[in-house]
There are 2 protein chains.
Amino acid sequence: MRAKKKRKHKGDLRDEILSAAKKLFLAHGYLNTSMRKIAAKVGISPTTIYLYYRDKADVIHALHQEGFKILAEQFKILENVEHPFERLKAMGRCYINFALGNRDFYELMFIMQEPLMHLEKQQASERSSGWKEGEGAFKALLDVIKDCQKEGYFEGYHTAELALLLWANLHGLCALKNNGHLDLLTRAMEEELPVSNVLYKSFELYVQILQKG
Amino acid sequence: MRAKKKRKHKGDLRDEILSAAKKLFLAHGYLNTSMRKIAAKVGISPTTIYLYYRDKADVIHALHQEGFKILAEQFKILENVEHPFERLKAMGRCYINFALGNRDFYELMFIMQEPLMHLEKQQASERSSGWKEGEGAFKALLDVIKDCQKEGYFEGYHTAELALLLWANLHGLCALKNNGHLDLLTRAMEEELPVSNVLYKSFELYVQILQKG
DNA sequence: TTTTTATGTTAACGGCGTTAAGTATATTTG
DNA sequence: CAAATATACTTAACGCCGTTAACATAAAAA
């Protein structure tokens, strides 16, 4: 018997808020995306957001989920690559492309703690399933490595450990690149380090090392 | 003819500020360390800090330097390890220990952008030497790898590229551990991943892979 | 129609980094 | 010594921030 009560703003305000947050976020980065600015963009009072999201971490978490959706879609495409080791390599490059091309999303997904804070709060109150977004992405990597092992690659290695190592390596490269530390270092070390494409070259080197082992 | 003019606070206020900042920082983390709290701890007005530091990034940069001093000291001790590959492995574990044992310092040194912002401002005005702290740490790693290569390890590898790869791998592991992403993942994947010591085990696995190549 | 409930708003709290203007004191200068 | 000046620091304020409490209003239920 209970239908929707009323709506001053026509659409689902929850979605409108998220959409505005996303636009601000992509246009001006996380630092310049405040609750108040989101509200202003939607045309509502800042406090109204708190009717639809618990707090800022909750909003940020929603964006974090969007980021994982994008990444998952890109990984999905790679399932068309038949040869497993080729697929693994492509996945690595894909991950790097995503990290560099969506810096702010990447930060939300793998660097910032706020989105995870939300998870812990939720987990404390309801029964919840942990970090399912990250879990999904990691499982995609796991599957590819398993396929590689079926074809004889990485013999004797513990699958999940290897996956973790590969992920950590990619994350290390991307994180250092995105926050500027890598550029500062390569600029200082231009004699020893080739300035351009350090990132992808490092990845190729890693692949090379893996292939030998 | 010009001696010191006067001092309401006896000691070097610049040092007192840094010391207070450090204490707050280590006790309550970066998020809870504000200019105003630092000032309160020293017993001065918040604006006084700006007579000794350009802005917050400047203070943060000073702490960032302290972090590198600690790390450099620990690396220095490892010079006593004679065998170069053993030294390299020890260096890796040392890096991990530092990252886990000094989370806030680590964040300042390798994750946050604020300290680097300070560098860029300084570089814009004066002639400056770039990120000399990071450069120093990286050179320490470079030297060890060079020694390894002298003994026949890592034949054919580009020294600096390999160093970068190793660093990125360690950073990836430490960063994911410190911000909680790694723990969330291992908790979700306890079937596939051994819960304890994932970090060190990953490192050992990496060493193992390197040794084969 | 009256009551209740969903859906917003306004006002306010306590925090933040930072700047401009003012004050007192010690040194230099006349 | 007295006046001018430079130094060391403070007060007041600006414009942000996330968040809560109290209040208003319109629609549905009684």
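Order of the sequence lines sets the chain letters (A, B, ...), proteins ahead of strands, with each chain counted from 1.
Atom CE of B/Met117 and atom P of C/dG17 are 16 Å apart (whole Å). Atom CG of A/Leu51 is separated from atom C1' of C/dT9 by 10 Å (rounded to the nearest Å). Rounded to an integer number of Å, the gap from CD1 of B/Ile44 to P of D/dA8 is 13 Å. The OH-C1' distance, from B/Tyr53 to C/dG17, rounds to 17 Å in whole Å. One can place CG of A/Leu13 at 16 Å from P of C/dA6, the figure rounded to the nearest angstrom. Counting to the nearest Å, the P atom of D/dG15 and the CG atom of A/Asn32 are 18 Å from each other. The CG-P distance, from A/Leu31 to D/dC16, rounds to 16 Å in whole Å. Separating the CD1 atom of B/Ile60 from the C1' atom of C/dC16 is a distance of 14 Å, rounded to the nearest angstrom.
The pair A/Arg93-A/Glu204 meets the salt-bridge criterion, with a side-chain N (NZ, NE, NH1 or NH2) lying under 4.0 Å from an Asp/Glu carboxylate O. Salt bridge status for B/Glu73 with B/Lys69: absent, with no side-chain N to carboxylate O gap under 4.0 Å.
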Intermediate values then yes/no, ring pair (Phe, Tyr, Trp, His ring centres under 6.0 Å), A/Phe105 and A/Phe25: CA-CA 9 Å; A/Phe105 269 131; A/Phe25 180 75; 5.8 Å; yes
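Heavy atoms only, all atoms of each residue included: A/Leu176 and B/Ala168 are closest at CD1-CA, 4.1 Å.
Between A/Tyr95 and A/Tyr106, a ring centre-to-centre spacing shorter than 6.0 Å is recorded.
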Report, one pair per line, the protein and nucleotides 18-21 of chain D atoms (nitrogen or oxygen only) whose separation is under 3.5 Å.
| unit_1 | atom_1 | unit_2 | atom_2 | d |
| --- | --- | --- | --- | --- |
| D/dG18 | OP1 | A/Met35 | N | 3.1 |
| D/dG18 | OP1 | A/Lys56 | NZ | 3.0 |
| D/dG18 | OP2 | A/Met35 | N | 2.9 |
| D/dG18 | N7 | A/Arg36 | NH1 | 2.3 |
| D/dG18 | O6 | A/Arg36 | NH1 | 3.0 |
| D/dG18 | O6 | A/Arg36 | NH2 | 3.4 |
| D/dT19 | OP2 | A/Tyr50 | OH | 2.8 |
| D/dT19 | OP2 | A/Lys56 | N | 2.9 |
| D/dT19 | O5' | A/Tyr50 | OH | 3.3 |

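Taking side-chain N and O atoms only, B/Thr48 has a distance below 4.0 Å to OP1 or OP2 of D/dT10.
A perpendicular orientation is assigned to the rings of B/Phe154 and B/Tyr157, their planes being inclined by more than 60° (bins at 30° and 60°).
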